[in-house]
Chemist: 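Okay, here's the structure, questions in a sec.
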Amino acid sequence: MSDASSATSTAFSRQRGIRVALGGYELMLPPVQALLAPLLMVLVLGMMLLPLPPLMLDLLFSFNIALSLVVLLVSAYTVRPLEFAVFPAVLLVTTLLRLSLNVASTRAVLMHGHTGTEAAGKVIESFANFLIGGSFAVGLIVFAILTVINFVVVTKGAGRIAEVSARFALDAMPGKQMAIDADLSAGMITQEEARRRRQEVSEEADFFGSMDGASKFVRGDAIAGILILFINLIGGLLIGMLQHNLDFTTAANNYVLLAIGDALVAQVPALIVSVAAGLIVARVGKDDDLGGQLGKQLFSVPRAMGLAATVLGIIGVIPGMPNMAFLILAAVCGYSAWWLTKKQKAALEPQPLAATEPVNTGEVSWDDVAHVDMMALEVGYRLIGLVDKEQGGDLLARIKGVRKKFAQEVGFLPPSVHIRDNLDLRPNSYRVLLKGVVVGEGDAFGGMMMAINPGGATIQLPGTPTVDPAFGLPAVWINANQRDLAQSNGYTVVDAATVIATHLHHVMQVNAARLFGRAEAQQLIEHLGKFVPKLVEEVVPKLVSMPVFQRVVQNLLDEGVHIRDLKTIIETLAEHAPRTQEPAELTREVRVALAPAIVQQIYGPARELSVIAIEPSLEGLLVNALAPGANSALEPGVADYVMQSAGEAANAQEESGIAACLLVPDRIRSAIARLVKKNAPRLRVLGHSEVPETQSIRIARLIGELK
């Protein structure tokens, strides 16, 4: 192809537009899809100014009716309102389209109405003759009824729902954001999922706000339809009688019928679109469309169907009533009640998970010795649905997320969690076992939500009071439809699977030292050996035996120290192992090496550390009693006083929004940590040498200070 070919236009489609070459220049035009909306708006506005022939009016009126039906059907099949987020804009476009057609048809009626009822096209004539039988009074009454239904009932109700939903969506945004952050912190969702959910919360508030304003379009359209009808009636009669010298009967037959037909042609699509708006804003739930929700909720209560059958049967035997119709409906409702009752009873019967094995009458063998799982989760039979993927349960996926989050935070992969049902438990109960010992238990209710009060809730919710099993906060079990109300009033709302997964994550954090066994220690060393094989080969097990290494790591985990920086731990052991093999001494040296990470884990990036300290005289007493090689013992009264005071100081620090950390001399740090652990489990204990030089210290509270 020669250069002269640039004089001809060649176009090809691209993702962002159409590239056109003309006379040596390249132009990038918008894609066809992007041009549809602007062209449609220009055409709509053009219809208000340019006269249209009757055939074009018929096509446009038919298109308007078809478009309104499509909007209604899409609204009925939409599962979530955000799936039809463009609906406010569609509402505006359809309203402008109807008004433009009204203006165009009014021009045609007033200019050519004297020629007969076909002046504005076949559609308007058909509505005037077929729907109302050519009667003026019937047409006006039908139009008035449709306008009242649209304006007073549907539009007003939909506007009120949109207004309240917009206010609730805005009020609930902080609570929903907190719930998303809680799921992200627990490892149940990824950063991408959290970002998607935050965007969805923002889009939901924007959508209902737009719907609140868009409902005013429909209300204005109804008022405009009334005004246009009266303008066509009065103007048509005057033009027909004064300008075209028609008698009153002929003018009325032409102009009045055309005006009423024009009004009905516009009012029917307006009513359809208003119903679609009501369906969109009145939708509750995100699991099914309108048809599915009606089938599951309206026709799924056997008691209601049975009572309806009884009432219909009584009405059906009353003399003078349409007996056959009522008796047929009574039979249908009665059969539905019987079928639903039978179906629900079959669903409630517990199904065995596995067939019972035949009794073995042979000799006892080692196969009869049951293996104790490192971690296990036992659930009651009503919670099996949370585990079964076929029933929509996502607890398994959440537990995988918990294990991944734990491994990323703490530094080693926890053992798998074996899940099994236990018929000895209450139907809605569960418990977490560590090496066969129960370390956590609680109740959960599938299909319900737990509303947790973090301290700022403003109202008391109706429901079953309970306590958050992970952190002991007051909570209440509520129905799923109360979620938005609870979030808007300061509650953090989570579902049953999230409750169990969060509790499991908390149990794993508290018992991290017990989860770190010999197998985990060996796997951790092998994992580090992939990156620094020489270092691992020189230290473990040549300088430090595997049992000593395991004990050091368990000491760190027991006090909540993360072991992600395993390379520093191994290097510190290599430095001090020739001097001592005592795990406690090695742990102290490792803590000093990990001091920046420990402080950052407690305080974050803060440069000034607000700490709790011990009054000097009491501190001296504790050093004399608890330091290695001390001859005197700590009196029980002093020990109780220290534990109680440490718990009170820790609670006061946390209520102030500051991390609870106690600063003590290095020689008694481990002893003090063991002493205060029972009364203040979240209190972290640091030694003087564990404070990095880059941080400054501010003493916020003193234990043992005279009051």
Side-chain angles (χ1 to χ4, degrees), residues 186-188 350-354 356-357 366-389 391 393-407 409-446 450 466-473 475 494-524 550 553-554 557-560 677-678 681-682:
M188 300 169 191
Q351 301 294 330
L353 297 181
T356 304
E357 296 182 0
W366 282 103
D367 295 334
D368 298 315
V369 179
H371 174 71
V372 178
D373 297 320
M374 177 66 78
M375 285 207 72
L377 174 65
E378 295 182 347
V379 298
Y381 73 85
R382 287 187 181 174
L383 299 181
I384 294 177
L386 300 178
V387 183
D388 190 358
K389 293 183 179 179
Q391 301 183 35
D394 60 348
L395 184 57
L396 289 175
R398 292 176 182 268
I399 290 177
K400 290 180 181 178
V402 166
R403 294 182 66 232
K404 181 178 180 180
K405 183 71 172 179
F406 180 90
E409 288 181 349
V410 179
F412 75 95
L413 182 65
S416 300
V417 180
H418 295 270
I419 305 176
R420 54 178 176 265
D421 65 317
N422 187 345
L423 298 180
D424 294 333
L425 293 176
R426 295 192 304 274
N428 291 299
S429 296
Y430 69 91
R431 63 185 186 185
V432 183
L433 294 88
L434 178 59
K435 299 180 181 179
V437 179
V438 178
V439 292
E441 55 186 347
D443 294 327
F445 299 89
M450 175 181 282
T466 184
V467 176
D468 173 34
F471 305 104
L473 296 175
V494 293
D495 57 15
T498 303
V499 171
I500 298 176
T502 304
H503 191 189
L504 178 64
H505 182 261
H506 177 71
V507 169
M508 293 171 63
Q509 291 277 1
V510 173
N511 297 277
R514 298 176 61 186
L515 292 175
F516 190 79
R518 184 61 57 84
E520 286 73 24
Q522 185 64 44
Q523 292 171 358
L524 191 62
Q550 178 186 349
V553 174
Q554 286 177 333
L557 295 173
D558 192 43
E559 295 191 20
K677 186 175 183 179
K678 181 178 181 181
R682 292 191 296 272

Chemist: Can you check side chain to side chain contact (heavy atoms under 4.5 Å, CB included) on Thr502 and Arg398, steps first, answer last?
Modeler: CA-CA 9 Å; Thr502 304; Arg398 292 176 182 268; over 6 Å; no
Chemist: Between the side chain of Arg403 and the main-chain N/O of Leu413, is any donor-acceptor distance below 3.5 Å?
Modeler: no
Chemist: Quick one: pull up CG in Leu504 and CD in Gln509 and give me the separation to the nearest 0.5 Å.
Modeler: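 Reported value, rounded in 0.5 Å steps: 10.5 Å.
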Chemist: Can you name the one residue among Asp421, Leu425, Asn428 that meets side-chain contact (heavy atoms from CB on, under 4.5 Å) with Arg382?
Modeler: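 Among Asp421, Leu425, Asn428, the one that satisfies the side-chain contact (heavy atoms from CB on, under 4.5 Å) with Arg382 is Asn428.
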Chemist: Of all the heavy-atom pairs spanning Met450 and Ala475, show the shortest one and how long it is.
Modeler: CG-CB, 3.8 Å
Chemist: Report the C-alpha separation of Asp373 and Leu433 in whole Å, then their side-chain angles, then the decisive distance to 0.1 Å, and conclude whether the side chain to side chain contact (heavy atoms under 4.5 Å, CB included) test is met.
Modeler: CA-CA 8 Å; Asp373 297 320; Leu433 294 88; over 6 Å; no
Chemist: Between Glu520 (side chain) and Gly517 (backbone), is there a donor-acceptor pair under 3.5 Å?
Modeler: yes
Chemist: Grab the two heavy atoms, one from Ala513 and one from Asp558, that are nearest each other, plus how far apart they are.
Modeler: CB-N, 3.8 Å
Chemist: I need the Asn511 CG to Met374 CE distance, nearest 0.5 Å.
Modeler: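 If I round to the nearest 0.5 Å, the distance is 11.0 Å.
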Chemist: Take Leu395 and Leu377, measure what side chain to side chain contact (heavy atoms under 4.5 Å, CB included) needs, and give me the verdict at the end.
Modeler: CA-CA 11 Å; Leu395 184 57; Leu377 174 65; 4.1 Å; yes
Chemist: How far apart are the closest heavy atoms of Phe516 and Gln550, and which atoms are they?
Modeler: O-NE2, 3.6 Å
Chemist: How far apart are the closest heavy atoms of Phe471 and His506, and which atoms are they?
Modeler: CE2-ND1, 3.8 Å
Chemist: Decide side chain to side chain contact (heavy atoms under 4.5 Å, CB included) for Leu557 and Phe412; before the verdict, give the C-alpha distance in whole Å, the side-chain angles of both, and the deciding distance to 0.1 Å.
Modeler: CA-CA 11 Å; Leu557 295 173; Phe412 75 95; 3.6 Å; yes
Chemist: What heavy-atom pair brings Gly446 and Leu386 nearest, and what distance separates the two atoms?
Modeler: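 Reported closest heavy-atom pair: CA-CD2, 4.5 Å.
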Chemist: Please round to the nearest 0.5 Å and tell me the distance separating atom CG of Asp424 and atom CZ of Arg431.
Modeler: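 Going from CG on Asp424 over to CZ on Arg431, the span is 7.5 Å.
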Chemist: Side-chain contact test, heavy atoms from C-beta onward, threshold under 4.5 Å: evaluate it for Val507 versus Leu434 and give yes or no.
Modeler: no
Chemist: Heavy atoms only: give me the nearest Asp394-Ala497 pair and the separation to one decimal.
Modeler: OD1-CB, 3.6 Å
Chemist: With rounding to the nearest 0.5 Å, note down the distance linking CD1 in Ile500 to NE2 in His505.
Modeler: 16.0 Å
Chemist: Quick one: does Asp388's side chain have a donor or acceptor within less than 3.5 Å of a partner on Ile384's backbone?
Modeler: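 Checking the backbone N and O of Ile384 against the side chain of Asp388, no donor-acceptor pair under 3.5 Å is found.
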